[in-house]
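In the text below, chain A, chain B and the rest are named by the order of the sequence lines, each starting its count at 1.
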Amino acid sequence: VVTYSVAVDACARAGGPTAVDQAFELVDEMQKYGLEPNIVTYNSLIHACARAKRTDMAFQVLNQMKMAGVTPDIVTLCSLVDACGRAGQIDSAFMAIRTLPREFPSLSPNVPAYNALIHACFKAQNINRMHDALQDMQDRSLQPNVVTFSTLISAYAACGEIERATATLRKMREVGIKPNRMTFTSIIAAYGQRGEVDLAMAMLDEAKRSCGEPDEELYTASLVAAVGGGRKELAMKVSKEMDRAGYVVP
RNA sequence: UAUACAGA
């Protein structure tokens with residue numbers, strides 16, 4: 001069962017429609033051998049559906065597991081919310097996070113589940129619902145983590161709300177959560193969009209100090225900011241660093 | 001360390 005679950009998970013990671021089909025075939029196959037999928041197998045299968053944006057299949061798997069007497073857990077819930085989010089179905093995402101815990105009282109939405117919900121709203125470009133999700137999370141006394149804050153910052157960056165993005169960065173620091181490379185990438189993208197190249201470069205320096213060597217995404221965001229702001233010298237400098245770090249300069 | 005969430 002573990003072997004098959006690992007294989008199903010590999011399909012989930014591979015992503016895409018072909019991979020989901022393979023994942024379902026694997027589950028059929030294990031059942032032919034008399035092996036019953038367990039919670040991890042089912043959760044991996046739902047994850048594969050999520051990555052393929054197949055919300056319908058994800059909920060079919062949920063029904064299948066209920067029929068088999070396997071009780072959904074918090075990973076199941078998070079994956080289902082994520083599936084709805086990837087497919088742009090935010091109403092379904094809110095419904096899942098509200099109704100599943102009613103059906104299964106052992107289920108209580110956790111921070112990753114709310115993060116998936118917040119990200120769903122972000123992808124649907126619905127800031128109001130994103131704030132609803134955040135509020136629900138706080139009403140449950142769940143503390144936002146680095147993923148929550150980074151998601152919020154990306155969302156604000158995406159809609160040009162740079163003040164909110166920086167305010168969120170400030171707040172996360174106040175509560176003692178250290179921004180990571182992803183967080184810095186989003187903030188730099190926000191500054192880049194606004195043409196605030198110097199502020200973007202200051203954040204790059206800070207990222208280096210607190211997170212070590214930047215990764216490709218972080219460098220790219222910085223480079224895009226410098227180029228977008230027409231700052232050739234800075235763009236050259238970042239390109240050089242990027243090249244020296246072994247990344248292909250876009 | 002078999003499964004879930006973030007980098008316009």
Please indicate whether Lys240(A) has more than 12 foreign heavy atoms, meaning atoms of other residues, nucleotides or ligands, lying under 6.0 Å from its NZ. no

When we call it a touch if two heavy atoms are under 4.0 Å apart, what does [X] touch: a base, just sugar-phosphate, or nothing?
X: Arg13(A); result: sugar-phosphate
X: Val6(A); result: sugar-phosphate
X: Thr185(A); result: base
X: Arg194(A); result: nothing
X: Ser5(A); result: base

[Y] versus [X], side-chain donor and acceptor atoms under 3.5 Å:
X: Thr55(A); Y: Gln89(A); result: yes
X: Gln135(A); Y: Asp139(A); result: yes
X: Glu213(A); Y: Tyr219(A); result: yes
X: Asp21(A); Y: Thr18(A); result: no

Taking the side chain as C-beta and beyond, is there a heavy-atom pair between Val238(A) and Met201(A) under 4.5 Å? yes

Transitively linked via ILVMFWY side-chain contacts under 4.5 Å: Met67(A) with Met30(A)? no

Residue pair Glu241(A), Lys237(A): steps toward the salt bridge (charged side-chain N to carboxylate O under 4.0 Å, His left out) verdict: CA-CA 6 Å; Glu241(A) 286 174 24; Lys237(A) 183 168 170 276; 3.6 Å; yes

Reading RNA chain B 5' to 3', which nucleotide is the first, and which the last, to come under 4.0 Å of any heavy atom in chain A? A2(B) to A8(B)

Selection: residues 196-227 of chain A, any non-hydrogen atom under 4.0 Å of RNA chain B: Asp215(A), Glu217(A), Leu218(A)

